[in-house]
S.K.: 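The structure's right below; bear with me while I get my questions together.
Since we're looking at a predicted model, the values are computed, not measured.
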Protein chains: 2
Amino acid sequence: MAHRHEETLAAVRANLPEDELLCDLGDLFKIFGDTTRIKILYSLFESELCVCAIAELLGMGQSAISHQLKVLKDAKLVRSRREGKTVFYSLADDHVRRIIGQGYDHLTEEEK
Amino acid sequence: MAHRHEETLAAVRANLPEDELLCDLGDLFKIFGDTTRIKILYSLFESELCVCAIAELLGMGQSAISHQLKVLKDAKLVRSRREGKTVFYSLADDHVRRIIGQGYDHLTEEEK
DNA sequence: CATTCATATGAATTTATATTCATATGTTAT
DNA sequence: ATAACATATGAATATAAATTCATATGAATG
């Protein structure tokens, strides 16, 4: 503790969500915070893709992609659909596009 | 490589941004992907705060907070303003709110 | 039902990142 | 100038997370 700021902190505390939600938020963004996963998600903007197509597209091993798809699926960011031996992945909902879109904006827009 | 998907991949490749942008996106979200930083950003929704107020609010050491504020500042997510011995931090622009808002929506809304 | 193909998973290794500790910098007041 | 306070920073440690390798599961086919 250093100087006084109880008045300020009271207001901030009142508007701060529960700890659990803040943790969940961090965990969610953590998932977007990896180049491989961003690439996977972005690839799925266009169409559903099978695991080996994604691996080929990104120039990575099948195992690495599978592991990351699991992370994405656990977070409900992608869905999967099996067709014979092949499993197709697609975006789970539109939040993915919106979240990435906002990030894109931050990177490309000028700040004033 | 496994089976054929050149046709599909061609279309996906055409719409995929440059590698550098995808990396930058990952790096940006990585910053949101930490509970401490999310808490700091959320705290700043309400008002600007000095370092020791944030440390007190989060129950963490001043050093840890300073390190994270540096990360946030380097990413241009927060600004700082010195007033005597005290340094006040505030959100740099509205993208922060929007990005966190989209994450919040994903967590709290029902998916259909 | 044995083989092949597509995907998934566990363990190990490597690499990155967060916090702490000690200390430096910068500001104000005596 | 010296002391006291607020913040910043470097190095070290601890923890987490990504990829690889080997192998397992699950589905189709001869």
S.K.: Do B/Asp19 and A/Lys39 sit within salt-bridge range, that is, some charged N less than 4.0 Å from a carboxylate O?
M.R.: yes

S.K.: Would you give the length of the straight line joining atom SG of A/Cys52 to atom CG of A/Leu57, rounded to the nearest 0.5 angstrom?
M.R.: 11.5 Å

S.K.: Of the residues in residues 23-31 of chain A, which ones touch DNA chain D at a heavy-atom distance under 4.0 Å?
M.R.: A/Lys30

S.K.: How many Å lie between CZ on B/Phe88 and C1' on C/dT27, as a whole number?
M.R.: 14 Å

S.K.: Tell me the interatomic distance from B/Leu58, atom CG, to C/dT20, atom C1', rounded to whole angstroms.
M.R.: 16 Å

S.K.: Tell me, please, which residues at least two apart from B/Glu7 pass salt bridge (Lys or Arg N to Asp or Glu O under 4.0 Å).
M.R.: none

S.K.: Taking the six-membered ring of B/Phe88 (Phe, Tyr or Trp), confirm whether the NZ or CZ of B/Arg82 is under 6.0 Å from its centre and within 45° of its axis.
M.R.: no

S.K.: Please determine if a side-chain N or O atom of A/Arg37 lies less than 4.0 Å away from the OP1 or OP2 oxygen of D/dA17.
M.R.: no

S.K.: If only atom types and distance count, is the side chain of A/Arg81 paired as donor or acceptor with the main-chain N or O of A/Glu83 below 3.5 Å?
M.R.: no

S.K.: From the list D/dT7, D/dT19, C/dA18, which nucleotide is the closest neighbour of the side chain of B/Cys50?
M.R.: D/dT7

S.K.: Just to be sure I understand the rule, does B/Ser66 reach a base, reach only the sugar-phosphate, or reach nothing, if contact means heavy atoms closer than 4.0 Å?
M.R.: base

S.K.: One pair to check against side chain to side chain contact (heavy atoms under 4.5 Å, CB included): A/Phe45 and B/Asn15. What are the steps and the verdict?
M.R.: CA-CA 9 Å; A/Phe45 274 30; B/Asn15 285 48; over 6 Å; no

S.K.: Over 60° means perpendicular and under 30° means parallel, so classify the ring planes of A/His95 and B/His106, tilted if in between.
M.R.: perpendicular

S.K.: When the distance from CD1 of B/Ile40 to C1' of D/dT7 is rounded to whole Å, what number comes out?
M.R.: 14 Å

S.K.: Between the axis at one end of the helix from C/dC1-D/dG30 to C/dT30-D/dA1 and the axis at the other (five pairs apiece), what's the angle to 10 degrees?
M.R.: 20°

S.K.: Kindly compute the distance separating NZ (A/Lys30) from CD1 (B/Ile31), expressed to the nearest 0.5 Å.
M.R.: 14.0 Å

S.K.: Please determine which of A/Leu9, A/Val12, A/Thr8 meets the side chain to side chain contact (heavy atoms under 4.5 Å, CB included) test together with B/Ser43.
M.R.: A/Val12

S.K.: In this structure, how many angstroms lie between the P atom of D/dT7 and the CD atom of B/Glu56, rounded?
M.R.: 11 Å

S.K.: Under the rule for side chain to side chain contact (heavy atoms under 4.5 Å, CB included), what residues qualify as partners of A/Gln62, not counting sequence neighbours?
M.R.: A/Val51, A/Ser66

S.K.: What pairs of nitrogen or oxygen atoms, one from the protein and one from nucleotides 21-30 of chain D, lie under 3.5 Å apart?
M.R.:
residue	atom	partner	partner atom	Å
D/dC21	N4	A/Ser63	OG	2.6

S.K.: Could you pull out all residues at least two apart from A/Leu107 that satisfy side chain to side chain contact (heavy atoms under 4.5 Å, CB included)?
M.R.: B/Leu21, B/Asp24, B/Leu25, B/Leu28

S.K.: How many Å lie between CD on B/Gln68 and P on D/dT7, as a whole number?
M.R.: 16 Å

S.K.: Once you round it to whole Å, what is the distance between P of D/dA17 and NZ of A/Lys70?
M.R.: 14 Å

